[in-house]
Amino acid sequence: MNRWRRNLLSGRFQRTLSALTALSAAGLGFEIYLEHYKGSFADKWMWTPIALTPPLTAAGAAGVVSERAAKTWLPAVSALYAADGVIGVVTHLRGVARKPGGFSEATYNLVMGPPLLAPGSHALVGGMGLAAALAKRE
């Protein structure tokens, strides 16, 4: 535990962040699939987080074993994943606004419409992959 703590305090946590990115993307991707399935994949863009999850999971796993992958593939795929999360926030806002009554019926539409902050977690997982690329190798 002391070794892990020393690595963390000195900024050496690239492998740890790579592993956490891979695990988080896999779990989040499954949850996104279930939520978008409930929405019947009504918009073709609902497939983008599903399509980006396996490459990010693979890049995160590769970043655990290879510093080169952590500095090349992981940030590239993570940037796409984070951007997709930001776009998701916008599309979810539009989804709530398009419901009957829009934001004037917020007590109903925020509960029954698309979750506004859920795509933010998507963006944060992408950001974690970007941070892994900047961290030192332990």
Spacing of [atom1] belonging to [X] relative to [atom2] belonging to [Y], to within rounding of 0.5 Å:
X: Met112; Y: Glu105; atom1: CE; atom2: CD; value: 13.5 Å
X: Ile32; Y: Ser121; atom1: CD1; atom2: OG; value: 6.0 Å
X: Lys136; Y: Glu67; atom1: NZ; atom2: CD; value: 12.0 Å

Cluster question for you: counting only ILVMFWY and a side-chain heavy-atom cut-off of under 4.5 Å, with indirect links fine, are [X] and [Y] together?
X: Leu74; Y: Leu28; answer: yes
X: Leu124; Y: Leu20; answer: no
X: Val125; Y: Val77; answer: yes
X: Leu56; Y: Met128; answer: no

Is the closest side-chain heavy-atom distance between [X] and [Y] below 4.5 Å?
X: Leu116; Y: Val89; answer: no
X: Val64; Y: Thr16; answer: no
X: Pro119; Y: Val86; answer: no

Report task. Would you check if the side chain of Asn109 reaches a backbone N or O of Gly102 as a donor-acceptor pair within less than 3.5 Å? Result ->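 Judged by distance alone, yes, a pair lies under 3.5 Å.
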
Query raised in the report: Has the side chain of Ser66 got a donor or acceptor atom that lies under 3.5 Å from a matching backbone atom of Gly63?
Result: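 No, Ser66 side chain to Gly63 backbone: no donor-acceptor pair under 3.5 Å.
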
Quick check: closest heavy atoms across [X] and [Y], and the distance to 0.1 Å?
X: Pro75; Y: Leu130; value: O-CD2, 3.4 Å
X: Ala61; Y: Ala22; value: N-CB, 3.7 Å
X: Ser18; Y: Ala70; value: OG-CB, 4.2 Å

Report, as yes or no, whether the 6.0 Å neighbourhood of atom [atom1] on [X] holds more than 12 heavy atoms from other residues, nucleotides or ligands.
X: Tyr108; atom1: OH; answer: no
X: Arg137; atom1: CZ; answer: yes
X: Leu117; atom1: CG; answer: no
X: Phe30; atom1: CZ; answer: no

Query - Stepwise side-chain contact (heavy atoms from CB on, under 4.5 Å) test for Lys71 and Gln14 - result: CA-CA 9 Å; Lys71 298 254 183 218; Gln14 184 181 67; 3.7 Å; yes

What donor-acceptor contacts under 3.5 angstrom involve side-chain atoms of residues 46-53, with partners at least two apart or in another chain?
from	atom 1	to	atom 2	distance (Å)
Thr48	OG1	Trp45	O	2.9
Thr48	OG1	Asp84	OD1	2.8
Thr48	OG1	Asp84	OD2	3.3
Thr53	OG1	Pro49	O	2.7
Thr53	OG1	Tyr81	OH	3.3

Contacts table for residues 91-100: side-chain donor-acceptor under 3.5 angstrom, sequence neighbours left out:
from	atom 1	to	atom 2	distance (Å)
Thr91	OG1	Ile87	O	3.4
Thr91	OG1	Gly88	O	3.0
His92	ND1	Pro115	O	2.5

